[in-house]
Amino acid sequence: MQQLHTVAELGRVHLMGIGGVGVSAVARLMLAQGVAVTGSDAKDLPVLDELRALGADIHVGYSAEALPAADTVVVSSVIKDGNPEYDAARERGLRILHRSEGLAATMDGHHVVAVCGTHGKTTTTSLIAVMLREAGLSPSFAIGANVAGLGVNAEHGSGRIFVAEADESDASFLNYRPDTIVVTNIEADHLDHYGTEAAVHESFHRFASLLPDGGLLVACADDPGALALAQRIRSERPLVRVQTYGFTEGADRRLSGSAPEGARFACGLQWGHGESQRLSLSVPGDHNLLNAAAAFAIGLDCGLTPAAAAAGLAAFTGAARRFDFRGEADGIRVYDDYAHHPTEVLAALRAGRAVAGDAGRVHVVFQPHLFTRTREFWAEFARALSLADTALVLDIYPAREQPLPGITAELVADALETSGGLVARGDVTERIAEVARSGDIVMTIGAGDVTELGADIVATLGARA
């Protein structure tokens, strides 16, 4: 079993890649707990000034000479051998921890609620944190995005509960010791790390097996992978409490009657022996109602009344890049979404359809993320994108990967069953201006820099008007 550390054991901590959303969250939490924090990053990002204001000493650029006196070094996943500062830390014999191990140290002494899943975990974690804060429980939290209702991506609260988004992409969630786990879904993804879909499922099982006796597993009954995990844990660990949620008949907490209510999206939720509660959200889509149902279950387990849990969820206004409103021009609303898996893309477009209504059309600009993911899912991406009236496909955003022979965005574009196709980045705004009309929805979708196009699209539509 992985050795766990407490914050008190770490001494002076230097964080490499401190500008990233994950490592910056660890820095915020450690600073709030009185740790002497230094840091470094390749770029001078706005978040560095925020961390400096909290007491961190940060330099930009990596060099062996710049590595300060430290007892522990925490690194992001992108820091590898060959980075001169990282190599110097190894030569000094410093304790080196992955970002997840650093975060685990800040959880010590808390009741840990870990939210995992192939998709939906950022929104679900955010919903839980907002709900608990609204109820006055002052949770600690670490989330993989900034959340408008919280102001930051991480905070050290005064309460006993710590809510954490648990990243499965490299199996680093196995470094946590959760008391409660939410599983939103389990699908094939990150096959560059796992190799096979079976290995993905096994990793989630190993994570759920970390629950103590009396711990709680909350799993989505609508997702075959999550439901299979819930059934397996029920069989193997009878002392672990298991609850399911979903629209599916037989879910322990069952949703029904989802529909728009003005500018909001709502449904009924039933459980137990006739107990019920109305859920109303400011974010659209059945997938977000499912996320809210998971959060609701956590709220009740933390001692909230159904009404208080629902009120807290109603206050949620969304997480960054999750159906994120970017502006409106000429009667056309523009949204941005981080979706980068076919199931996520389908859910985002269904939400777009709900917002557009019967009269509006949906136009999407999609940027595939990673060559390996495109290789595995190009056909599924095309099917999901075909829900839109227009689908414009950008070149693949490579992130950490090198090109693969024969794997291009044309695979997705050529398989579309709707209008659109492959488009150069510089032609996007003109193409959208040609097809979008008042009442329509435009969505930029993907985990890369496609997010930067939203403002350009709004500006172009505004100029046209």
Side-chain angles (χ1 to χ4, degrees), residues 1 104 107-118 120-121 124-125 127-129 131-132 135 137 139-141 159-166 168 173-186 201-255 269-277 279 289-310 312-313:
M1 181 175 287
M107 297 176 182
D108 184 56
H110 290 84
H111 178 91
V112 177
V113 178
V115 181
C116 64
T118 312
K121 52 185 174 288
T124 305
T125 310
L127 281 160
I128 296 170
M131 174 189 66
L132 296 180
L137 297 188
S140 298
F141 57 84
R160 70 182 183 91
I161 302 168
F162 194 121
V163 188
E165 179 177 345
E168 84 288 348
F173 61 174
L174 298 176
N175 289 323
Y176 306 141
R177 293 298 175 265
D179 300 285
T180 298
I181 290 176
V182 174
V183 182
T184 58
N185 37 61
I186 308 173
H201 286 264
E202 185 57 32
S203 186
F204 277 92
H205 175 253
R206 290 176 62 196
F207 185 52
S209 298
L210 296 173
L211 284 168
D213 290 346
L216 173 64
L217 175 65
V218 177
C220 182
D222 291 2
D223 178 75
L227 179 60
L229 177 62
Q231 293 168 337
R232 185 175 177 183
I233 294 298
R234 272 183 172 143
S235 173
E236 296 175 351
R237 298 284 308 281
L239 296 182
V240 170
R241 297 173 295 141
V242 177
Q243 297 178 8
T244 60
Y245 64 93
F247 290 94
T248 301
E249 185 80 35
D252 296 323
R253 301 186 189 278
R254 190 178 179 209
L255 298 87
L269 179 64
Q270 296 81 37
W271 71 98
H273 300 286
E275 296 177 274
S276 65
Q277 179 65 51
L279 297 182
L289 291 172
L290 285 168
N291 296 335
F296 183 86
I298 298 302
L300 297 196
D301 194 59
C302 291
L304 302 186
T305 65
L313 296 173

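Keep in mind it's a predicted model, so treat the numbers as computed, not measured. Heavy-atom basis, side chains included; hydrogens, waters and symmetry copies ignored.
For Phe247, there are no ring pair (Phe, Tyr, Trp, His ring centres under 6.0 Å) partners, not counting sequence neighbours. Taking the side chain to side chain contact (heavy atoms under 4.5 Å, CB included) definition, one finds that Arg234 meets it with Val242, Thr244, Asp252, sequence neighbours left out. For Phe296, the ring pair (Phe, Tyr, Trp, His ring centres under 6.0 Å) partners are Trp271, not counting sequence neighbours. Considering only residues two or more places apart in sequence or on other chains, His201 meets the ring pair (Phe, Tyr, Trp, His ring centres under 6.0 Å) condition with none of them. Scanning for ring pair (Phe, Tyr, Trp, His ring centres under 6.0 Å) contacts around Tyr176 gives an empty result, with sequence neighbours left out.
Note that the CD1 atom of Ile298 and the CG atom of Leu127 stand 11.5 Å from one another [nearest 0.5 Å]. In this structure, the separation between OG on Ser140 and CZ on Arg160 is 12.0 Å, given to the nearest 0.5 Å. Separating the CG atom in Leu229 from the SG atom in Cys220 is a distance of 12.0 Å, to the nearest 0.5 Å. Here His110 contributes atom NE2 and Ile161 contributes atom CD1; the two are 9.5 Å apart, rounded to the nearest 0.5 Å. One distance of note links NE2 of His111 with CG of Leu216; it measures 7.5 Å at 0.5 Å rounding. Atom OG1 of Thr180 is separated from atom CG of Leu211 by 7.0 Å, given to the nearest 0.5 angstrom.
Across all their heavy atoms, Asn185 and Ala226 have their closest contact at CA-CB, 4.1 Å. Across Met107 and Ala164, no two heavy atoms sit closer than the pair CE-CB, 3.5 Å. In plain terms, the two heavy atoms of Leu300 and Thr305 that are nearest each other are CD2-C, 3.9 Å. Across Thr248 and Ala221, no two heavy atoms sit closer than the pair OG1-O, 3.7 Å. Of all heavy-atom pairs between Ala166 and Lys121, the closest is O-CD, 3.6 Å. When every heavy atom of Ile186 is checked against every heavy atom of Gly225, the shortest pair comes out as CD1-O, 3.6 Å.
For the salt bridge (charged side-chain N to carboxylate O under 4.0 Å, His left out) condition, the pairs that include at least one residue of residues 203-222, sequence neighbours left out, are Asp213-Arg237.
The shortest side-chain heavy-atom distance between Leu132 and Leu304 falls under the 4.5 Å cut-off. Between Phe207 and Pro178 the shortest side-chain heavy-atom distance falls below 4.5 Å.
Just one residue in the list Thr124, Thr125, Leu313 forms a side-chain contact (heavy atoms from CB on, under 4.5 Å) with Asn291, and that residue is Thr124.
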**Study point:** Step-by-step side-chain contact (heavy atoms from CB on, under 4.5 Å) determination, Thr184 to Tyr245
**Key:** CA-CA 10 Å; Thr184 58; Tyr245 64 93; 4.0 Å; yes

Exercise for review: Assess whether side-chain contact (heavy atoms from CB on, under 4.5 Å) is satisfied between Arg177 and Val112, documenting all intermediate values.
Suggested key: CA-CA 7 Å; Arg177 293 298 175 265; Val112 177; over 6 Å; no

Exercise for review: Kindly determine whether His205 and Ile233 satisfy side-chain contact (heavy atoms from CB on, under 4.5 Å), including the steps that lead there.
Suggested key: CA-CA 8 Å; His205 175 253; Ile233 294 298; 4.1 Å; yes

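No side-chain donor-acceptor contact under 3.5 Å links Arg241 to the backbone of Pro238. With hydrogens and angles disregarded, no donor-acceptor distance shorter than 3.5 Å links the side chain of Asp179 to the backbone of Pro212. Distance alone, capped at 3.5 Å, places no donor-acceptor pair between the Ser235 side chain and the Gln231 backbone.
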